[in-house]
Amino acid sequence: MRIDKSFYKKVFFIVIPIIIQNTISNFVSLLDNIMVGQIGTDQMNAVSISNQLFFVYFLCLWGAVGGGGIFAAQFFGNGDHKGVRNVFRANFVLSISITIFAIAILFFCGDFFTSLFLHKTDSVGDIARTKFLAREYLRTMFFGLVPLAIASVYSNILRCTGQTAVPMKASMCAVFINLILNYVLIFGHFGMPKMGVKGAAIATVVSRCVECAIIVSWTHNHKQRCQFIEGAYRTLKIPATLLRQIIIKGTPLAMNETLWSMGLTFLNQSYSLRGLSVVAAVNITSTISNLFNVFAFAIGEAISIIVGQLLGAGKNSEAKKSAKRLIILSACVCVVIGFVMACLRNAFPAIYKTESQVRSLAANFILIASCMMPILAVVHGCYFTLRCGGKTVITFLFDSIFVWTFCVSTAFCLTRFTDLPIVTIYLIVQSMDLIKAAIGIALVKKGIWIQNLTEVSNAD
């Protein structure tokens with residue numbers, strides 16, 4: 001079979017900046033995690049639990065801008081900059097609204113949510129201290145949520161219009177600042193006080209402000225390349241027909257991301273019933289998994305951009321062929337990535353200053369996660385394919401409903417009503433993705449996701 005060099009060249013042109021950006025971001029998160037882990041298990045658990053709550057907010061935000069992004073990619077593929085501008089306005093309003101709501105919820109209910117993860121079943125950790133540190137981390141992180149929301153809106157539209165390098169460069173600058181400030185503030189170097197968990201939060205807030213400033217300033221200083229920003233703030237009026245369509249298509253997507261992230265959070269809460277050692281081990285596993293999963297997520301983003309633009313241009317058969325190629329590419333890449341991750345299963349937990357029980361659990365979890373990486377790649381590829389055609393109700397059923405019906409319910413029952421070892425439970429739950437991958441492949445093959453959304457009225 002002849003390899004289409006021009007196609008894969010285009011894919012790598014889009015994917016490489018996203019991989020670099022996400023790899024750097026996750027690598028610094030990894031270093032953050034290690035730095036906090038050097039202070040102690042309580043500090044590591046406090047940050048891990050807090051980030052579980054922020055994870056729900058972030059995916060809700062990502063789902064909201066992603067709903068508009070479906071339209072933005074297709075409008076851009078159709079050469080409609082006015083349509084992209086209207087999507088930008090809608091995403092901006094939605095993101096700020098979601099952020100204000102999230103801050104209010106976490107401010108008043110943060111302690112309650114944190115306590116759901118704190119169960120003393122072994123000799124690891126101090127519940128009262130972990131809860132105090134989690135509150136301190138949460139309330140400092142609030143100051144970085146608005147810059148994060150604004151940066152997410154700009155980055156989403158830039159990526160949909162093919163400007164993937166700019167968010168990458170902004171992220172590189174931000175994570176470098178985050179890394180330096182973490183070293184200075186967590187451990188108290190260069191005359192600064194030793195701030196521990198609070199120092200890690202301050203470093204993250206500053207880095208997000210920097211990232212936001214870079215992306216926003218670049219966009220407004222390059223209006224020729226970012227035509228959507230011209231007059232974007234002249235009014236926040238959005239065409240009623242377009243807004244209705246974004247809500248119709250975007251609401252299931254936003255609900256999906258919210259329920260999916262809540263599902264994973266509840267999943268980890270079920271694991272936490274087996275003790276604080278499990279909380280720490282899951283945190284270590286998630287950190288390294290996020291670092292290696294950037295390849296699958298980057299190719300998923302490429303599906304959204306490439307296939308979405310092809311659908312907007314009316315090239316349906318080419319869109320279907322491209323989606324198939326990209327899903328296969330993602331799975332093949334993740335076979336190699338999974339092998340590398342498996343080889344590091346013992347070395348990575350050994351970096352942490354924590355109990356041997358935690359390191360042993362983490363090594364087993366990492367091995368399971370590495371074996372599932374190719375399956376995860378197929379699942380992500382199918383999800384992004386279904387999403388880029390606007391089939392958000394189907395993605396809602398495919399993604400979040402599946403997680404709650406199969407994964408969450410299984411973990412809930414196994415952790416509460418059986419004496420199975422936690423590693424066995426983790427393996428069973430992760431294996432549920434085999435079913436999800438089979439469903440996704442069947443849906444993609446049927447082509448039910450093929451739809452042109454650019455016919456939506458755009459009149460002001």
Side-chain angles (χ1 to χ4, degrees), residues 26 48 51-52 55-56 59 117 256-257 259-275 277-297 299-300 327 330-346 348-349 358-383 398-441:
N26 282 296
S48 172
N51 283 333
Q52 282 288 323
F55 178 66
V56 176
L59 282 207
F117 292 84
N256 174 67
E257 298 303 329
L259 288 175
W260 183 77
S261 59
M262 289 176 66
L264 292 191
T265 301
F266 193 86
L267 192 64
N268 288 336
Q269 191 276 331
S270 291
Y271 293 149
S272 74
L273 294 177
R274 297 302 177 92
S277 60
V278 177
V279 174
V282 169
N283 172 55
I284 294 171
T285 304
S286 298
T287 302
I288 191 171
S289 294
N290 289 339
L291 180 64
F292 283 90
N293 284 341
V294 296
F295 296 90
F297 278 106
I299 297 177
I327 292 172
S330 183
C332 292
V333 168
C334 284
V335 168
V336 178
I337 299 301
F339 176 76
V340 175
M341 183 174 164
C343 293
L344 295 173
R345 67 185 182 276
N346 290 311
F348 185 73
V358 173
R359 291 195 292 268
S360 177
L361 279 174
N364 287 319
F365 291 163
I366 290 169
L367 178 60
I368 294 168
S370 65
C371 292
M372 293 303 299
M373 279 199 70
I375 303 303
L376 183 68
V378 173
V379 168
H380 280 308
C382 293
Y383 168 80
F398 173 71
D399 209 26
S400 61
I401 297 302
F402 182 91
V403 166
W404 281 94
T405 303
F406 289 87
C407 303
V408 173
S409 61
T410 300
F412 180 90
C413 294
L414 293 179
T415 54
R416 288 166 174 82
F417 307 122
T418 75
D419 294 324
L420 286 174
I422 188 62
V423 174
T424 303
I425 294 173
Y426 189 83
L427 173 61
I428 293 171
V429 173
Q430 294 298 310
S431 297
M432 296 291 171
D433 274 345
L434 290 166
I435 302 171
K436 191 174 181 181
I439 295 171
I441 291 170

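Quick note: residue numbers are just sequence positions, from 1. Note that the structure is a prediction, hence the values are computed from the model and not measured.
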Work out which heavy atom in [X] is nearest to a heavy atom in [Y]; give both atom names and the distance.
{"X": "Arg274", "Y": "Thr418", "answer": "NH2-O, 3.1 Å"}
{"X": "Ala369", "Y": "Ser289", "answer": "CB-OG, 3.8 Å"}
{"X": "Ser330", "Y": "Ala377", "answer": "OG-CB, 3.3 Å"}
{"X": "Pro349", "Y": "Ala363", "answer": "CG-N, 4.0 Å"}

Task: salt bridge (charged side-chain N to carboxylate O under 4.0 Å, His left out) partners of residues 428-440, not counting sequence neighbours, each pair once - done: Asp399-Lys436

- [ ] Might you work through the side chain to side chain contact (heavy atoms under 4.5 Å, CB included) test for Met373 and Phe339, ending with a clear yes or no?
- [x] CA-CA 9 Å; Met373 279 199 70; Phe339 176 76; over 6 Å; no

- [ ] Would you check, one step at a time, whether the test side chain to side chain contact (heavy atoms under 4.5 Å, CB included) holds for Leu291 with Phe348?
- [x] CA-CA 12 Å; Leu291 180 64; Phe348 185 73; over 6 Å; no

Task: Ser272 side chain vs Gln269 backbone, donor-acceptor pair below 3.5 Å - done: yes

Open item on the list: Tell me whether Asn283 contacts the main-chain N or O of Val279 through its side chain, where contact means a donor paired with an acceptor under 3.5 Å.
Closed with: no

Decide yes or no for [X] and [Y]: does some side-chain heavy atom of the first lie under 4.5 Å from some side-chain heavy atom of the second?
{"X": "Val423", "Y": "Ile368", "result": "yes"}
{"X": "Tyr426", "Y": "Thr285", "result": "yes"}
{"X": "Asn293", "Y": "His380", "result": "no"}
{"X": "Val408", "Y": "Ser270", "result": "no"}
{"X": "Ile327", "Y": "Cys382", "result": "yes"}

TODO: Over 60° means perpendicular and under 30° means parallel, so classify the ring planes of Phe412 and Phe266, tilted if in between.
DONE: parallel

Measure the [atom1]-[atom2] distance between [X] and [Y] for me, rounded to the nearest 0.5 Å.
{"X": "Gln52", "Y": "Met262", "atom1": "CD", "atom2": "CE", "result": "12.5 Å"}
{"X": "Thr265", "Y": "Leu259", "atom1": "OG1", "atom2": "CG", "result": "11.0 Å"}
{"X": "Ile299", "Y": "Cys334", "atom1": "CD1", "atom2": "SG", "result": "6.5 Å"}
{"X": "Tyr271", "Y": "Thr415", "atom1": "OH", "atom2": "OG1", "result": "9.0 Å"}
{"X": "Ile425", "Y": "Leu273", "atom1": "CD1", "atom2": "CG", "result": "9.5 Å"}
{"X": "Ser261", "Y": "Leu267", "atom1": "OG", "atom2": "CG", "result": "12.5 Å"}

Open item on the list: Run Cys407 and Phe402 through side chain to side chain contact (heavy atoms under 4.5 Å, CB included) and show every step you take.
Closed with: CA-CA 7 Å; Cys407 303; Phe402 182 91; 4.2 Å; yes

Open item on the list: How about CE on Met341, more than 12 heavy atoms from neighbouring residues, nucleotides or ligands closer than 6.0 Å, or not?
Closed with: yes

- [ ] Test side chain to side chain contact (heavy atoms under 4.5 Å, CB included) on Ile284 and Phe365 and set out the steps.
- [x] CA-CA 9 Å; Ile284 294 171; Phe365 291 163; over 6 Å; no

